[in-house]
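Here's the structure, in structure tokens; my notes come after.
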Amino acid sequence: MTIKLVDLDWQHNLLKDELALAFHTVVNSSRFILGPQIRQLEENFAKYHHCQYGIGVSSGTDALVVALKALNLEPGDEVIVPAMTFYATAEAVCLVGATPVIVDVEPETLALDPSLTEAAITERTKVILPVHLHGWPVPLEPFLAIAQQYDLSIVEDCAQAHGAKEKGYPVGSRTIAGCFSFFPGKNMGALGDAGMVITNDPIMADTVRALANHGRKEKYFHEAIGYNARIDELQAAFLNIKLNHIEQWNEQRRALANRYNEQLSDLPLQLPPQWNDHRFACFHLYVVHCRTSELRDNLINFLKEHNIQSGIHYPVPLHLQPGLKFLGNERGDFPISEQAANTIISLPIYPGMSLQQQDYVIEKVTKFFRHG
Ligand SMILES: *Cc1c(COP(=O)(O)O)cnc(C)c1O
């Protein structure tokens, strides 16, 4: 048996006729840019997250770029980001000319730490950028309070958190902007790159829409230096199909995560917390912490020998990325993130994973710890 970390075959096999039909519909319409599929996706995806506006864009990275750009950040303005995230979170901040300020995360969920965030605020801080990492909704209330007290905006990186909710609030619904990625391996993935910004603020919506479309609101009248960061009509057509399944697929992920939690509970691993109605995670990844980095690396190799893929999300925290060296951070600055980078492992999880496949992973992980 070979088990991939993320297997998209099952869902694309399930949807292949619908996807093919969508392809033909768009090709026959000859509308490839800003057509009706996009409008439908924007409306329904925003509604799914209790938001009034959705703006389709070309990737999750571009969603962050246009949302941050819409806040009129100036050179030297600071945006607080967690040390443990995908590189694009900080890259987007740099691309709009602002400065990422890296802050450490909480040990259990790897969410941005609110007290360290408050301690990092300066007179140049403009935005806090929490990341709902691995599909765990960051508890937002402390950040909402801090943002109000210091007059800051919050932009959420929801790239891994489609449909995740905290206390009934979907991610992206309580701040100025939620930024999603439809990278193929995300919980809701396009057949290529795509993304979306959601918001309840009409000015934010208008500005983002213009920025993603060459800074224009009308054809040939450009009000700002923008981007060509539109979503493709074809990708929107595919995503409209997948949106019908995302709730059920997230439910499958939660069921698999619960099963891992139960079956791995006796092993010397730090498991993810149990999800509940207050922290309604969507398990983009199922991440456990080993006791040491040596154990983690050995486990990865052991699983590989048994044809089981695993991952590390992420092996290098932001402050140790060569591309962000100019920020002047050093090894040791963010110990929780460094520790996590050395000890976490992502086990296979995806909708369509059979119980038999999961049992095989559980059996091998158990065997590793029981018999080395
Ligand atoms: C995937 C991802 C992004 C970037 O999304 P793309 O669509 O690949 O540009 C940003 N932040 C996080 C946390 C991600 O996982």
Side-chain angles (χ1 to χ4, degrees), residues 5-6 8 41 45 54-69 79-96 100 102-103 105-106 109-112 127-138 154-164 171-172 175 177-198 208 211-212 227-232 234-236 238-239 242 246 250 253 281-287 311-319 321 323-324 337 340-341 344 346 349-350:
L5 178 62
V6 182
L8 301 175
L41 178 70
F45 192 78
I55 302 94
V57 292
S58 39
S59 69
T61 306
D62 287 328
L64 290 164
V65 167
V66 291
L68 290 167
K69 185 79 180 172
V79 178
I80 294 177
V81 299
M84 181 49 72
T85 180
F86 181 60
Y87 187 64
T89 310
E91 192 180 33
V93 174
C94 299
L95 285 171
V96 302
I102 300 171
V103 161
V105 294
E106 302 201 83
T109 55
L110 308 181
L112 187 62
V127 181
I128 306 173
L129 211 175
V131 179
H132 305 292
L133 197 70
H134 306 153
W136 278 93
V138 176
I154 302 176
V155 171
E156 294 169 67
D157 185 333
C158 308
Q160 303 188 358
H162 314 67
V171 293
T175 60
C179 302
F180 289 84
S181 164
F182 301 126
F183 180 84
K186 299 289 159 80
N187 285 35
M188 185 173 135
L191 309 187
D193 280 310
M196 181 149 339
V197 178
I198 61 171
V208 161
L211 282 171
Y227 305 85
N228 180 351
R230 299 172 299 235
I231 192 173
D232 287 345
L234 205 45
Q235 295 302 342
F238 299 144
L239 288 164
K242 293 208 180 179
I246 182 67
N250 281 349
R253 287 173 183 273
C282 67
F283 285 98
H284 172 57
L285 294 163
Y286 183 84
V287 175
I312 305 173
H313 300 88
Y314 291 92
V316 182
L318 287 186
H319 65 294
Q321 292 288 359
L324 293 168
S337 296
I344 52 178
S346 310
I349 193 168
Y350 48 86

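Residue numbers count from 1 along this sequence. Whatever order the structure lists ligands and atoms in, that order sets their numbers, starting from 1.
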Parallel, tilted or perpendicular: which describes the rings of H162 and F45, with under 30° parallel and over 60° perpendicular?
perpendicular

Test item: L133 and M84 side chains (from C-beta on) under 4.5 Å apart, heavy atoms: yes

Filtering E91, M196, K186 for the heavy atom nearest atom 1 (C) of ligand 1 leaves K186

Are V138 and V131 packed together at the side-chain level, in the sense that at least one heavy-atom pair is separated by less than 4.5 angstrom? no

heavy-atom search around atom 10 (C) of ligand 1 in the protein gives D157 OD2, 3.6 Å

If we number the atoms of ligand 1 from 1 as shown, the ones under 4.0 Å from a heavy atom of A159 are 2 (C), 3 (C), 10 (C), 11 (N), 12 (C), 14 (C), 15 (O)

Exercise. Any side-chain heavy atom of V197 within less than 4.5 Å of one from V66?
Worked result: yes

- Message: Test your reading of the model: is there a side-chain donor-acceptor pair from E156 to the backbone of V171, 3.5 Å cut-off?
- Response: no

V287 side chain reached by S346 side chain, heavy atoms, under 4.5 Å: yes

Under 4.0 Å from one or more heavy atoms of G60, ligand 1 contributes atoms 5 (O), 6 (P), 7 (O), 9 (O)

Contact check: S181 vs ligand 1, nitrogen or oxygen atoms, below 3.5 angstrom: yes

query = So do L191 and L234 actually touch side chain to side chain, heavy atoms under 4.5 Å?
reply = no

In ligand 1, the atoms that come under 4.0 Å of a heavy atom of S59 are 7 (O), 9 (O)

min-distance protein heavy atom vs atom 15 (O) of ligand 1 -> Q160 NE2, 2.8 Å

Nearest non-hydrogen contact to atom 9 (O) of ligand 1 from the set T89, T85, T61, L285 belongs to T61

Note: ligand 1 atoms sitting under 4.0 Å from heavy atoms of V131 are 13 (C)

